[in-house]
Amino acid sequence: MTWICLLGPSTTGSRAVALHGHRLVVLAPPGQAVAPEVTAHAERVVFCDITDHDATRTVVDRLAAELGAPRLVVSFTEHAQEVSARIATGLGLPSVSPAAAAHARDKAAMRRLLADTPYAWPYAAGTADDIAGAVRAEPDGVAWIVKPADGAGSAGVTALDSHADLERWHAKVTAGQKPRTTQGTGGEQAGAARYIAEHAAAGPEFSVEAVSAAGRHTILAITAKQTTGSPNFVETGHVVPAPLPEADGERLEDAVRCVLDRLGIHHGASHTELRLDPVHGPVVIETHTRVGGDCIPELVELATGRDQYDHALAALLGTDPARSPAPAAPAAAISFVTPPAPGTLTGLSLAPTRGVFRWHFDRVPGADLTELHSSHDRVGYAIALAETPAEAMRRAAEATGGVRVHVTAPTP
């Protein structure tokens, strides 16, 4: 039996490898807890820095000397995408290319590759000073969204609705930063943080979940998203399938196929986020060479019967998906519990709600809560099932709205 090397202890990814009948070796970052659902399928777990190519390649080579050549080297973890792609390509294994993985993580590179397509969008990229120069060059009141060039999970996303907003943002991100020098490329300060700023798009937000095999893209589902809105746009809920007209769904799918083609994403899973602007149509926010977070693959499987992990591995292996379960319901939604205030979590109380499929809480009493700045600050979630997307989202939101989060204010 051949083996598959999985970078990152993904529970559903581990299950998918087992379903395809391959031995599983998991590489996990040192100190990271590995869930029993992973160890139940893994022949072994090896700890190493999966964001370090040389260290990870050394481990893979050592395993190959013992177990034989791996059938795949794959990752469903954001920060291991480039390492996984480089190692797999270096071993001659099916994989997204290293260049495509890098372009997907570099939002400015993605914008450059889309520059001559219908999905081009005004942007500026560079250091905080570069962003400030670009925003100041346009009239006060032009709305921008700025974020780290390789960020994820809504971390660092900020709306700049005016030059005053820009000055506050610039002062915050450059606080304590050394003055610019002539070191580095183009006069940039060596090691300076990189950002991308884009004109703000209007309209509802979606993500498109897809799997590619030898350049052919299969759309598994479109997800409708809810966020806190300006200024941080933290995601607070998702529903599958997205309740939108068929023609609009086709426009989103066309945009995603263009993005995947332009970035050279020919193999494996992808998760692409877009807005459907009422004037400009689909506006691509970002894409990833992995499945989505926030339990989106679970929502897709519950509502469609399609397991994105299973389909992604099948595409790489050149086989059919290992299973085809019936959908659990026509629609599935998730809603997140958010912190009411900073402080120490002292307790949680829930009200019974019809249609809840599953609860999960990331924080337990004694945990420190902060204001909601990114997805990492959320407390937990509820997943609900229903006959329609609107009803599924209503049930999920009703469930989380009934949670009482008890917090003790921090001591002054």
* Decide yes or no on salt bridge (Lys or Arg N to Asp or Glu O under 4.0 Å) for E391 and R395, but give the supporting numbers first. => CA-CA 6 Å; E391 180 62 14; R395 289 179 175 179; 3.1 Å; yes
* At what distance, to the nearest 0.5 angstrom, does CD of Q32 lie from CG of L27? -> 11.5 Å
* R15: salt bridge (Lys or Arg N to Asp or Glu O under 4.0 Å) partners, not counting sequence neighbours -> E301, D307
* Asked: Is R168 salt-bridged to D165, cutoff N-O under 4.0 Å?
  -> yes
* To do: Could you walk me through whether F47 and V45 pass side chain to side chain contact (heavy atoms under 4.5 Å, CB included), step by step?
  => CA-CA 7 Å; F47 291 94; V45 176; 4.1 Å; yes
* To do: Please check if any side-chain donor atom of D130 sits under 3.5 Å from a side-chain acceptor atom of T127, or the reverse.
  => yes
* Backbone of A397 reached by a side-chain donor or acceptor of T400 within 3.5 Å -> yes
* To do: Just do the side-chain hydrogen bond (donor to acceptor under 3.5 Å, both in side chains) check on D362 and H376 with the steps written out, would you?
  => CA-CA 9 Å; D362 299 296; H376 303 292; over 6 Å; no
* No-hydrogen, no-angle side-chain donor-acceptor test under 3.5 Å, T346 and H406 -> no
* Would you check if the side chain of W3 reaches a backbone N or O of G68 as a donor-acceptor pair within less than 3.5 Å? => yes
* Over all heavy atoms of both residues, which pair between A322 and D310 is shortest? Give the atoms and the distance, please. => N-OD1, 2.9 Å
* Asked: Would you say the side chains of T2 and H22 form a donor-acceptor pair under 3.5 Å?
  -> yes
* To do: Using atom types as modelled and distance alone, determine if a side-chain donor or acceptor of T39 lies under 3.5 Å from a backbone N or O of P36.
  => yes
* Asked: Quick one: CG on D129 to OG1 on T174, what's the gap to the nearest 0.5 Å?
  -> 7.0 Å
* Where is the tightest heavy-atom contact between P342 and E371, given as atom of each residue plus distance? -> CG-CG, 3.6 Å
* Please answer whether the main-chain N or O of T51 pairs with a side-chain N or O of D49 as donor and acceptor at a distance below 3.5 Å. => yes
* State which residue, out of E209, Q308, E78, R290, fulfils the side-chain hydrogen bond (donor to acceptor under 3.5 Å, both in side chains) condition with H271. => E209
* Side chain of S95, backbone of S97: donor and acceptor closer than 3.5 Å? -> no
* **Derivation of the ring pair (Phe, Tyr, Trp, His ring centres under 6.0 Å) call for H199 and W144** => CA-CA 4 Å; H199 279 192; W144 294 73; 4.6 Å; yes
* Might you work through the salt bridge (Lys or Arg N to Asp or Glu O under 4.0 Å) test for K147 and E286, ending with a clear yes or no? => CA-CA 11 Å; K147 53 192 171 184; E286 60 192 35; 3.5 Å; yes
* To do: Report yes if the side chains of V142 and V135 come closer than 4.5 Å at any heavy-atom pair, otherwise no.
  => no
* Any W169 side-chain heavy atom under 4.5 Å of I131 side chain -> yes
* **With sequence neighbours excluded, residues passing side-chain contact (heavy atoms from CB on, under 4.5 Å) with T218** => L220
* Asked: Do you know which two heavy atoms are closest between I219 and R306, and how far apart they sit?
  -> O-NH1, 3.2 Å
* Ion pair check, K107 and E198, cut-off under 4.0 Å -> no
* Asked: Does the side chain of S335 come within less than 4.5 Å of Y381's, by heavy atoms?
  -> no
* **Pairwise distance NE2(H103) to CD(E82) - rounded to 0.5 angstrom** => 9.5 Å
* Can you find a side-chain donor-acceptor pair between E398 and T353 that sits under 3.5 Å? -> no
* **Approximate separation, where rounding is to 0.5 Å, of S212 OG and I265 CD1** => 7.5 Å
* Before giving the answer on side chain to side chain contact (heavy atoms under 4.5 Å, CB included), spell out for E205 and T227 the whole-Å C-alpha distance, their side-chain angles and the decisive distance to 0.1 Å. => CA-CA 9 Å; E205 188 172 338; T227 76; 3.7 Å; yes
* Are the side chains of L348 and V379 in touch, meaning some heavy atoms are under 4.5 Å apart? -> yes
* Does the pair R105 and H79 meet the rule for a side chain to side chain contact (heavy atoms under 4.5 Å, CB included), with working shown? -> CA-CA 9 Å; R105 295 209 65 222; H79 298 291; 3.1 Å; yes
* **Closest non-hydrogen atom pair between A108 and A125, with its separation** => CB-CB, 3.6 Å
* Hey, is CD on E387 packed in by over 12 heavy atoms from elsewhere, all under 6.0 Å? -> no
* Using a strict cut-off of less than 4.0 Å between a Lys/Arg side-chain nitrogen and an Asp/Glu carboxylate oxygen, indicate whether D248 and R251 qualify as a salt bridge. => yes
* Asked: Where do L7 and S75 come nearest, in terms of heavy atoms and distance?
  -> O-OG, 2.8 Å
* To do: Look only at the side chain of N232 and the backbone of T158, and say whether a donor-acceptor pair between them is shorter than 3.5 Å.
  => no
* Asked: Heavy-atom distance under 4.5 Å between the side chains of R262 and M110, does that happen here?
  -> no
* Asked: Residues two or more places apart in sequence or in another chain: which of them pass side-chain contact (heavy atoms from CB on, under 4.5 Å) with A329?
  -> L385
* Structure fact -> Nearest heavy-atom approach of V26 to P9 is CG1-CA, 3.8 Å
* Asked: How long is the span from the OG1 atom in T370 to the CG atom in D377, to the nearest 0.5 Å?
  -> 3.5 Å
* Asked: Going by heavy atoms in the side chains, are V337 and F361 under 4.5 Å from each other?
  -> yes
* Asked: Any side-chain heavy-atom pair from L91 and R57 closer than 4.5 angstrom?
  -> yes
* **Derivation and outcome, side chain to side chain contact (heavy atoms under 4.5 Å, CB included), residues I222 and S207** => CA-CA 6 Å; I222 300 177; S207 64; over 6 Å; no
* To do: Measure the NE2-CG distance between H20 and L316 for me, rounded to the nearest 0.5 Å.
  => 9.5 Å
* Salt-bridge criterion met for E66 and R62 (N-O under 4.0 Å) -> no
* Asked: Is V157 close to V234 at the side-chain level, that is, under 4.5 Å between some pair of heavy atoms?
  -> no
* Under the 3.5 angstrom rule, does the side chain of R111 hit a backbone N or O of A120 as a donor-acceptor pair? -> no
* Asked: Is it the case that R378 places NZ or CZ above or below the six-membered ring of F336, under 6.0 angstrom from the centre and within 45 degrees of the axis?
  -> yes
* Has the side chain of T89 got a donor or acceptor atom that lies under 3.5 Å from a matching backbone atom of A85? -> yes
